[in-house]
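For ligands, and for the atoms within them, numbers begin at 1 and follow the listed sequence. As the structure is a prediction and not an experimental result, all values here were calculated from the model.
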Amino acid sequence: MAVEIESLFTAALGLQAPWVVGKVELDTARGRIDFEVACTAERLACPHCGTADQGIHDRKRRSWRHLDFFEFEAWLHAGVPRVACTACGKTSQVSVPWAREGSGFTLLFEALSLSLCQGLPVRQAARLLRVRDKQLWGRVEHYVREARLRQCMRSVCQVGIDETSLRRGQDYVTVVHDLEAKRLLFATPGRDHETVGRFAEDLVAHGGELSAIAHACIDMSAAYAKGIGASLPNAQISYDRFHVVALANQAMDEVRSSEWKTESRRVHEALGALDARERRSILWAMRRNPATWSEKQTQAMHWLQRANLKSARAWRLKMGLREVFARARSHNDAGQAAADLKRWIGWARRSRLDPFKRLGATLRDHFEGVVRGMLDDRSNAFVEAMNGLMQQAKRAARGYRTTENFIAIAYLRLGKLTHLPASPFVRAAARAT
Ligand SMILES: [Zn+2]
């Protein structure tokens, strides 16, 4: 009977000759199941030079954490043979089929760890697996590095380049997305023009062609445009809608905060019927889509819209620009989009609001790229979606948060890496019925 259980577990673990389960120990009190795995061969090929039929010098005892069996924490133990080779004269340890060299986890346990880290913060995955999060970070970094070495970038022709920061205003990372395959291609510390050069090198190393990049969607910082000019000769630049609208929000905030600070008496008079809390709710309402206003915000905004305040004009300008973008999304016509944008820039220029005059000038200077960005709705939507996923990746890296950790977890979650480990064990044969 005992023999049958051992051969059953040999099959369950997917072991093949010369490896067999020699002993199974179940400790219900400690919630553990321990498998003693034996190498039954008396002679083996030399792991160093491959010469067959060499003698075993000794066996080194090692242990590996494996997938739980039901509620039991499972461990594999084995005396791993060292082969003394008469051909090359070396004594070297054979590799075991269930684990990477030097790892205390089986491959299957590592594969499970990685798939948990794709969906959960690493710290939480570590807790579920009852390991230290540092142990998981090491695995994530290792497998991401291996998978990225083999990742193919041959067909890339549209990229989105963006910056993100791990902490507010510091530790910037530049990320490059493949807008068609919707995957993260590259991430690197910094946000200067050289980051684009580093991407270009990486692209070439993965089989991509610089001249094939026809389109790059970026924000209006000069650095990326400069980097594209230097490294991606055929890329037409388009400015991302998300960033342009963010600039309009910034301009509006600037007008509002300066007016409320320096002309507070006028603001109080104009919004006379509102108490302090209602006045504050205007702050949030101005930034939000009117469709999402609460009842209180709707009321407060009603007051703002009737008031003769700079803030009200700033809000109308911002909404006007949003409208220009929204219309472009529905008609998708370059001539119409250009005419609408030109009209808005004229409005901003005459607005007597400095932040909007500046924004108008910026949009005029980047006119063609802004119009291109208005028409490329697919990539814009993707950049926004990626921003959300980036935030999740940052949360996943929390608690052990270095730039390297963030980059590794971002690749794992957003890179669509095709060479991450799959189950190394042979699938059990289908049961004959
Ligand atoms: Zn040898």
Side-chain angles (χ1 to χ4, degrees), residues 2-3 5-25 33-67 69 74-115 131-132 134-152 205-207 408 412 417-429:
V3 172
I5 279 179
E6 272 113 34
S7 59
L8 185 69
F9 277 114
T10 299
L13 290 167
L15 297 178
Q16 291 184 319
W19 301 97
V20 293
V21 171
K23 201 166 87 184
V24 183
E25 259 180 280
I33 185 163
D34 288 89
F35 298 98
E36 188 63 45
V37 179
C39 177
T40 53
E42 310 221 325
R43 298 178 75 77
L44 289 165
C46 168
H48 188 73
C49 72
T51 305
D53 200 32
Q54 299 299 306
I56 290 170
H57 175 71
D58 62 1
R59 293 169 195 261
K60 288 209 125 171
R61 183 125 186 103
R62 293 187 50 201
S63 298
W64 300 265
R65 173 81 186 278
H66 189 53
L67 300 180
F69 271 93
W75 288 81
L76 265 57
H77 312 276
V80 183
R82 287 201 302 164
V83 174
C85 179
T86 52
C88 68
K90 293 213 159 63
T91 300
S92 30
Q93 185 170 288
V94 302
S95 55
V96 298
W98 57 83
R100 281 189 299 133
E101 208 177 317
S103 175
F105 294 163
T106 64
L107 290 166
L108 208 54
F109 190 84
E110 289 189 331
L112 173 71
S113 309
L114 281 187
S115 61
V131 298
R132 284 175 291 126
K134 202 174 167 183
Q135 292 176 292
L136 291 193
W137 279 116
R139 264 79 181 185
V140 168
E141 271 156 26
H142 168 81
Y143 280 110
V144 162
R145 194 165 52 239
E146 293 288 307
R148 276 204 87 246
L149 282 176
R150 299 165 65 195
Q151 190 74 349
C152 175
H206 290 91
L412 181 69
L417 299 175
T418 43
H419 299 284
L420 286 171
S423 165
F425 292 100
V426 181
R427 208 181 268 269

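A 4.5 Å side-chain heavy-atom check between Cys39 and Leu44 finds at least one atom pair inside the cut-off. Residues Pro421 and Glu146 have side chains not in contact (no heavy-atom distance under 4.5 Å, counting atoms from C-beta outward).
Rounding to the nearest 0.5 Å places CD of Glu42 at 11.0 Å from CG of Asp53.
With sequence neighbours left out, Arg62 forms a side-chain hydrogen bond (donor to acceptor under 3.5 Å, both in side chains) with no residue at all. Contacts of Phe105 classified as ring-ring contact (aromatic ring centres under 6.0 Å, His included), with partners at least two apart in sequence or in another chain: Phe109.
Protein contacts to the Zn ion (ligand 1) involving N, O or S atoms at a distance below 2.8 Å are Cys46 SG, Cys49 SG, Cys85 SG, Cys88 SG.
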Listed pairs under 3.5 Å, donor-acceptor, residues 75-89 side chains, sequence neighbours left out:
unit_1, atom_1, unit_2, atom_2, d
Trp75, NE1, Glu73, OE2, 3.0
His77, ND1, Ser63, OG, 2.7
His77, NE2, Asp34, OD2, 2.6
Arg82, NE, Asp58, OD1, 2.8
Arg82, NH2, Asp58, OD2, 2.9
Thr86, OG1, Gln54, OE1, 2.8

